[in-house]
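Shown next, in structure tokens, is the structure this report addresses.
Being a predicted model, the structure only gives us computed values, none of them experimental.
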Amino acid sequence: MCIRDRYKYDGARLSIHKHNEVVNIFTREATEVSASLPEIVADIRKIPHSFIVDCEIIPFEHSPKAFQGLIKRLRRKYRVDEFKRKIPVKLYVFDLLYLDGVALIDTPLLDRRTLLKTVIPPTERIEIATCMLTKSSAEARIMFQEALDLGFEGLMIKNPESRYTPGKRGNEWLKLKPEAETLDLVVVAVEYGHGKRAHQLSDYTFATQDREGNLAPIAKAFGGLKDAEIEEMTEYFKGIVREQRGRTFTVEPKVVVELKFDEIQKSSLYEIGYALRFPRIKRIRWDLSVDEVDTIETVERLFKRQKRHV
């Protein structure tokens with residue numbers, strides 16, 4: 001089967017609806033954000049068609065920037081012009097769902113893409129997403145590396161005959177991303193979870209070592225462990241509690257965990273000045289002691305290595 005690739009952009013998925021001169025831009029959650037993206041609305045309004053497109057918007061100035069910046073732009077109601085200058089954005093359009101009165105969701109993807117190129121003219125802020133039709137895994141690997149070199153997340157791999165299924169990606173659309181980075185961090189606090197885990201200590205706060213050798217929180221995560229592991233760790237943590245405040249317990253720093261994450265971001269959330277994006281537990285490192293956890297120097301080195309940083 002042929003596969004079709006496009007770059008995987010680290011941004012926010014948007015749906016743009018244009019009817020005559022009216023342009024509405026919606027997030028995945030159907031929240032309208034047109035007012036916070038006036039430059040995109042202006043460019044779209046110039047296109048002489050009515051349509052619905054699927055797209056991704058990213059913070060972009062010469063190259064892709066951290067997703068964190070985009071949060072400051074979307075849904076903004078005040079100081080819109082100021083933040084438009086501070087945080088430029090770029091829109092990558094990758095699918096056409098409706099055109100001049102005709103629904104296209106049952107049209108094969110390759111045909112939708114052909115139509116899309118006739119509808120959306122590239123501008124400084126709007127592009128058709130890069131793609132390639134190939135059966136060659138070698139060509140796909142080259143494109144994958146090109147995407148990473150440009151600062152994107154990876155590739156989307158799609159069946160060229162696939163129909164559009166709202167709200168679902170399924171096996172017809174697959175993400176291809178590099179393996180996540182990891183850090184060895186120590187658990188310094190735990191708290192009760194929610195739902196079926198309301199009586200289990202399943203939410204953990206992780207710390208790195210600062211320059212003085214003190215433990216400094218940098219992330220909080222609850223995903224990655226199986227139910228049986230969480231039950232076992234709940235009993236273990238209860239035995240090393242130092243202090244309780246409501247549902248949260250500070251614990252002796254004895255449990256080292258290998259933590260996966262998508263990106264390191266500058267952040268005021270923690271005093272250390274950094275936070276991990278989408279952290280999740282890979283495994284518990286019973287073989288490591290608190291003296292062996294990764295330091296702030298390691299965090300900073302990984303941060304500087306990232307293609308996209310604030």
Side-chain angles (χ1 to χ4, degrees), residues 10 66-72 177 179-306 308-310:
D10 184 20
F67 177 81
Q68 190 178 16
L70 189 62
I71 298 171
K72 298 175 183 178
K177 296 168 63 175
E179 186 173 353
E181 296 276 11
T182 66
L183 286 168
D184 293 323
L185 304 171
V186 65
V187 180
V188 292
V190 296
E191 60 185 86
Y192 285 108
H194 300 84
K196 69 175 184 178
R197 293 180 175 174
H199 302 291
Q200 295 175 322
L201 296 172
S202 60
D203 295 12
Y204 305 157
T205 298
F206 303 91
T208 183
Q209 289 187 37
D210 65 16
R211 287 180 176 79
E212 286 72 44
N214 301 314
L215 296 177
I218 192 173
K220 183 177 179 180
F222 55 85
L225 295 182
K226 298 177 181 178
D227 289 344
E229 292 176 301
I230 292 173
E231 285 186 26
E232 179 183 336
M233 294 309 301
T234 294
E235 296 307 310
Y236 183 85
F237 283 125
K238 285 180 178 179
I240 58 171
V241 169
R242 285 180 168 176
E243 182 184 5
Q244 178 179 359
R245 292 186 179 180
R247 295 171 56 84
T248 303
F249 301 80
T250 56
V251 296
E252 296 177 31
K254 290 187 174 182
V255 180
V256 178
V257 170
E258 186 176 1
L259 201 67
K260 296 191 294 185
F261 57 92
D262 283 5
E263 187 179 40
I264 299 172
Q265 298 177 330
K266 286 276 193 178
S267 174
S268 59
L269 182 63
Y270 300 107
E271 289 186 14
I272 198 73
Y274 294 93
L276 306 184
R277 186 174 176 221
F278 296 141
R280 56 271 189 203
I281 299 165
K282 183 176 181 180
R283 57 174 173 155
I284 297 175
R285 295 295 306 269
W286 293 113
D287 57 316
L288 298 182
S289 68
V290 63
D291 296 329
E292 297 174 280
V293 301
D294 284 310
T295 65
I296 183 59
E297 287 82 7
T298 301
V299 172
E300 290 178 337
R301 187 168 64 251
L302 289 175
F303 175 75
K304 290 175 182 177
R305 199 174 73 191
Q306 291 174 173
R308 291 162 287 110
H309 58 276
V310 179

Side chains of [X] and [Y]: does their closest heavy-atom pair fall under 4.5 Å?
X: E181; Y: F261; answer: yes
X: Y192; Y: L201; answer: yes
X: E300; Y: I264; answer: no

Using a distance-only test with no angle check, is there a side-chain donor-acceptor pair under 3.5 angstrom linking [X] and [Y]?
X: S267; Y: Q265; answer: no
X: S289; Y: E292; answer: yes
X: E258; Y: T182; answer: yes

> Is it true that Y274 and F303 have ring centroids separated by less than 6.0 Å?
Replying inline: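 Between F303 and Y274, which both carry aromatic rings, the centre distance is below 6.0 Å.
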Check whether any side-chain N or O of [X] sits under 3.5 Å from a backbone N or O of [Y] as a donor-acceptor pair, and report yes or no.
X: T205; Y: K220; value: no
X: E235; Y: E232; value: no
X: D294; Y: D184; value: yes
X: Q209; Y: R211; value: no

Heavy-atom pair with the smallest gap, counting every atom of [X] and [Y]:
X: S202; Y: I230; answer: CB-CG2, 3.9 Å
X: L259; Y: A219; answer: CD2-CB, 4.0 Å
X: V290; Y: P253; answer: CB-O, 3.4 Å

Which distance, rounded to the nearest 0.5 Å, do you find between the [atom1] of [X] and the [atom2] of [Y]?
X: N214; Y: T208; atom1: CG; atom2: OG1; value: 11.5 Å
X: M233; Y: K226; atom1: CE; atom2: NZ; value: 15.5 Å
X: K260; Y: F278; atom1: NZ; atom2: CZ; value: 13.5 Å
X: L225; Y: I281; atom1: CG; atom2: CD1; value: 4.0 Å
X: H199; Y: T234; atom1: NE2; atom2: OG1; value: 11.5 Å

> Any ion pair linking E191 and R247 (charged N to carboxylate O, less than 4.0 Å)?
Replying inline: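 Salt bridge between R247 and E191, a charged N being under 4.0 Å from a carboxylate O: no.
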> Under 4.0 Å between a Lys/Arg side-chain N and an Asp/Glu carboxylate O for D262 and R280?
Replying inline: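 R280 and D262: salt-bridged.
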>> Once side-chain hydrogen bond (donor to acceptor under 3.5 Å, both in side chains) is applied, do any residues pair with T250, and if so which ones, sequence neighbours excluded?
In response: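 Scan of T250 (side-chain hydrogen bond (donor to acceptor under 3.5 Å, both in side chains), adjacent residues dropped) gives none.
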> What's the verdict on side-chain contact (heavy atoms from CB on, under 4.5 Å) for F237 and V187, showing C-alpha distance, side-chain angles and the deciding distance?
Replying inline: CA-CA 10 Å; F237 283 125; V187 180; 3.9 Å; yes
>> Apply side-chain contact (heavy atoms from CB on, under 4.5 Å) to residues I272 and V299 and explain how you reach the verdict.
In response: CA-CA 10 Å; I272 198 73; V299 172; over 6 Å; no
> Does atom CD of E243 have more than 12 heavy-atom neighbours, drawn from other residues, nucleotides or ligands, at distances under 6.0 Å?
Replying inline: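 Yes, enclosed.
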>> Pair I284, E229 - check side-chain contact (heavy atoms from CB on, under 4.5 Å), show working.
In response: CA-CA 10 Å; I284 297 175; E229 292 176 301; 5.6 Å; no
